[in-house]
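Below is one structure, written out as structure tokens, with a few remarks after it.
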Amino acid sequence: MTFPKKVKIVEVGPRDGLQNEKKIIPTRIKMEFINRLSQTGLSVIEATSFVSPQWIPQLADHSRLFAGIKKKKGVSYPVLVPNLSGLKQALDVKVKEIAVFTSPSETFCRHNINCSVKESIDTIANVIQLAKQHKVRVRGYLSCVLGCPYEGKMAPRKVAALAEQLFKLGCYEISLGDTIGVGTPLQVQRLLETVLKKVPLKYLAVHFHDTYGQALANIYAALALGIQTVDSSVAGLGGCPYAPGAAGNVATEELVYLLAGMGIKTGVNLKKLLAAGRFISRALGRVPPSKVSLAMP
Ligand code: HMG
Ligand code: MG
């Protein structure tokens, strides 16, 4: 086992979290949420997505939101972009980093972005080309890597081939998403061992939804293989409206707690993170996640 000494957390709550809420949160509350997250020590906060407002009305305020948040020095604020139209709108508000996304599942791809996997790769290639001209960094996501709501299990070989394609197209990091939270630790290990034959360790991240309570165990399995980047969402918000059954992401609070207990540095202040989680939970009309102690393990 080669646990990393330090882990970069990619906070996806403002995007993955709020895209899946029935309630549309006012822009000024989202701004306050992101501004609070910026004060926690997180270095990456995925702020919103420039997808079609017909598909994700919850994030239709993307441009105003992005322009209005306080950008803290040293923190990056990537946004999700599905196509050139999204990228152009993101460029208009001076986005510095985007995330593109596809999936090894044809059926999920069709449901989520209304095209085939091949078409999605062609679109991504064009998006990356324009992004690079504007010196915008590009992260890549693969969804449903451990199971698809429509097609069932995914072959690790298929995931590895697509990850390699994203890597070769110029994604600086590829996040492997268990979108519906069906994976278990040994499956994660097998998947990563296969993907690692195609993409070097330092370019890979993991993204677990917590449908069956496996997310932290899956993260542990990924850390044991040396993974250094983990996506998570404060208060465990999250889900994809086009992936039936998808539950929230692993909670950032729980991830930080786990990593602290393992002596792995994150730079994140748990107390401030819990406060940001309480803030957004109240705005959503939820009972904030209660934690017995603010002390680190
Ligand atoms: P489409 O309907 O096929 O698009 O949607 P189209 O190209 O046929 O255009 C139709 C209309 O949409 C046109 O307008 C376009 O201009 C407009 P009209 O001429 O009818 O007035 N349009 C746009 N408007 C605003 N922004 C845009 C845009 N693009 C086209 N970017 C599309 C195709 C990809 C746009 C749509 O399917 C879409 O937005 N899908 C996104 C769905 C989504 O956001 N899903 C959740 C994120 S993925 C996720 O959560 C997984 C992840 O967390 C990892 C994991 O957990 O696995 C990342
Ligand atoms: Mg997700």
Side-chain angles (χ1 to χ4, degrees), residues 10-21 44 46-63 66 78-93 95 98-105 108-117 119-124 126-127 130-131 138-150 154 159 162-163 166 171 173-183 191 205-211 215 218 229-234 236-252:
V10 176
E11 169 61 47
V12 297
R15 194 277 304 168
D16 199 326
L18 300 185
Q19 77 180 10
N20 201 40
E21 292 293 331
V44 189
E46 201 174 61
T48 184
S49 67
F50 285 72
V51 298
S52 161
Q54 265 78 49
W55 287 61
I56 305 280
Q58 295 89 332
L59 304 182
D61 60 350
H62 42 55
S63 298
F66 192 86
V79 302
L80 207 64
V81 158
N83 53 18
L84 282 171
S85 159
L87 175 58
K88 284 174 189 161
Q89 295 171 68
L91 290 173
D92 285 345
V93 287
V95 161
I98 62 166
V100 292
F101 56 110
T102 184
S103 170
S105 160
F108 178 73
C109 203
R110 180 65 64 189
H111 277 87
N112 197 39
I113 44 177
N114 202 21
C115 65
S116 68
V117 178
E119 285 163 340
S120 77
I121 289 292
D122 293 344
T123 301
I124 287 172
N126 291 332
V127 166
L130 182 61
V138 186
R139 185 174 204 246
Y141 278 109
L142 289 181
S143 293
C144 298
V145 297
L146 288 160
C148 167
Y150 310 102
M154 277 298 126
V159 178
L162 208 52
L166 289 187
C171 290
E173 189 169 282
I174 290 130
S175 175
L176 302 173
D178 183 10
T179 317
I180 52 169
V182 289
L191 173 69
V206 288
H207 178 115
F208 292 111
H209 287 257
D210 206 21
T211 318
N218 287 341
T229 304
V230 182
D231 301 355
S232 62
S233 177
V234 73
L237 303 174
C240 175
Y242 299 99
N249 289 84
V250 65
T252 311

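Count residues from 1 along the sequence. Numbering of ligands and ligand atoms starts at 1, following listing order.
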Among all protein non-hydrogen atoms, which one is nearest to atom 39 (O) of ligand 1, and what is the separation to 0.1 Å?
-> Ser52 N, 2.9 Å
Backbone N or O of Val182 within a donor-acceptor pair of the Asp178 side chain at under 3.5 Å?
-> yes
If you measure from CG on Asn112 to CZ on Phe101, what distance do you get to the nearest 0.5 Å?
-> 5.5 Å
Flag atom 28 (C) of ligand 1 as yes if some protein heavy-atom distance to it falls below 4.0 Å, otherwise no.
-> yes
May I ask you to check whether Tyr242 has an N/O atom sitting below 3.5 Å from an N/O atom of ligand 1?
-> no
Which residue holds the protein heavy atom closest to atom 23 (C) of ligand 1, what is that atom called, and what is the gap in Å?
-> Ser85 OG, 3.9 Å
Atom 5 (O) of ligand 1: which protein heavy atom is closest, and how many Å away?
-> Trp55 NE1, 3.6 Å
Mode of Thr179 contact toward ligand 1 - side chain, backbone, both, neither (heavy atoms, under 4.0 Å) = both
Contact check: Asp16 to the Mg ion (ligand 2), N/O/S below 2.8 Å = yes
For this output row, return yes or no: ring centroids of His111 and Tyr242 closer than 6.0 angstrom.
-> no
Flag His209 as yes if one of its N/O/S atoms falls below 2.8 Å of the Mg ion (ligand 2), otherwise no.
-> yes
Without swapping roles, check the side chain of Glu46 against the backbone of Leu80 for a donor-acceptor pair under 3.5 Å.
-> no
Hey, which atoms in ligand 1 end up nearer than 4.0 Å to a heavy atom of His209?
-> 56 (O)
Considering distance alone, does some N or O of Phe50 sit under 3.5 Å from an N or O of ligand 1?
-> yes
Residue Asn114 vicinity, atoms of ligand 1 by number, heavy atom under 4.0 Å = 1 (P), 3 (O)
Side-chain heavy-atom pair Pro149, Cys144 within 4.5 angstrom cut-off | yes
Does the protein put a heavy atom less than 4.0 Å from atom 36 (C) of ligand 1?
-> yes
If you measure from each heavy atom of Pro53 to ligand 1, is any distance below 4.0 Å?
-> yes
Any Lys/Arg nitrogen of Asp231 or Arg15 sitting under 4.0 Å from an Asp/Glu carboxylate oxygen of the other?
-> no
Within the structure, does at least one protein heavy atom fall under 4.0 Å of atom 21 (O) of ligand 1?
-> no
What atoms of ligand 1 come closer than 4.0 angstrom to any heavy atom of Asp16?
-> 53 (O)
Looking only at N/O atoms, are Ser49 and ligand 1 under 3.5 Å apart anywhere?
-> no
With atoms numbered from 1 as shown, which atoms in ligand 1 lie under 4.0 angstrom from a non-hydrogen atom of Leu80?
-> 47 (C)
Side chain Thr252, main chain Ser233, donor-acceptor under 3.5 Å | yes
Are Thr123 and Glu119 close enough that a side-chain donor and a side-chain acceptor fall under 3.5 Å?
-> no
Distance, nearest 0.5 Å, that separates NE2 of His209 from CG of Asn218 = 12.5 Å
Hey, does the side chain of Gln19 reach the backbone of Gln58 with a donor-acceptor pair shorter than 3.5 angstrom?
-> no
Pairwise distance OG1(Thr179) to OH(Tyr141) - rounded to 0.5 angstrom = 10.5 Å
Which ligand 1 atoms does Gly86 reach within 4.0 Å, using its non-hydrogen atoms?
-> 31 (N)
Does Gln89 have a heavy atom less than 4.0 Å from any atom of ligand 1?
-> yes
Can you tell me the protein heavy atom closest to atom 58 (C) of ligand 1 and the distance?
-> Arg15 NH2, 3.3 Å
Measuring from Phe50:CZ to Ile56:CD1, what's the distance to the nearest 0.5 Å?
-> 14.0 Å
Protein heavy atoms: any of them under 4.0 Å from atom 7 (O) of ligand 1?
-> no
Would you check if Leu84 and Val127 make a side-chain contact, meaning some heavy-atom pair closer than 4.5 Å?
-> yes
Asn83, portion touching ligand 1 at heavy-atom distance under 4.0 Å | side chain
Where's the contact between Ser143 and ligand 1, heavy-atom distance under 4.0 Å: side chain, backbone, both or neither?
-> both
Counting from 1, what ligand 1 atoms have a heavy atom of Phe101 closer than 4.0 Å?
-> 48 (S)
Backbone N or O of Ile180 within a donor-acceptor pair of the Thr211 side chain at under 3.5 Å?
-> yes
Heavy-atom donor-acceptor pair, Asp16 side chain to Asn249 backbone, under 3.5 Å = no
Using a 4.5 Å cut-off on heavy atoms from C-beta on, say whether the side chain of Leu162 contacts that of Ile121.
-> yes
Do you know which N/O/S atom name in His207 is closest to the Mg ion (ligand 2)?
-> NE2
Asn112 neighbourhood, listing ligand 1 atoms whose heavy-atom distance to it stays under 4.0 Å = 37 (O), 40 (N), 41 (C), 42 (C), 43 (C), 45 (N), 46 (C), 48 (S)
Does any N or O atom in Asp178 lie less than 3.5 angstrom from one in ligand 1, N or O only?
-> no
Distance flag for atom 16 (O) of ligand 1, protein heavy atom under 4.0 Å = no
Taking distance alone, with no angle check, do Tyr141 and ligand 1 share an N/O pair under 3.5 Å?
-> no
Validation row: Arg139, Thr229 side chains within 4.5 angstrom (heavy atoms) = yes
What residue and heavy atom of the protein are closest to atom 50 (O) of ligand 1, and at what distance?
-> Gln19 NE2, 2.8 Å
Which residue holds the protein heavy atom closest to atom 33 (C) of ligand 1, what is that atom called, and what is the gap in Å?
-> Ile113 O, 3.8 Å
Got a protein heavy atom sitting under 4.0 Å from atom 2 (O) of ligand 1?
-> yes
Residue pair Val79 / His62, side-chain heavy-atom distance below 4.5 Å | no
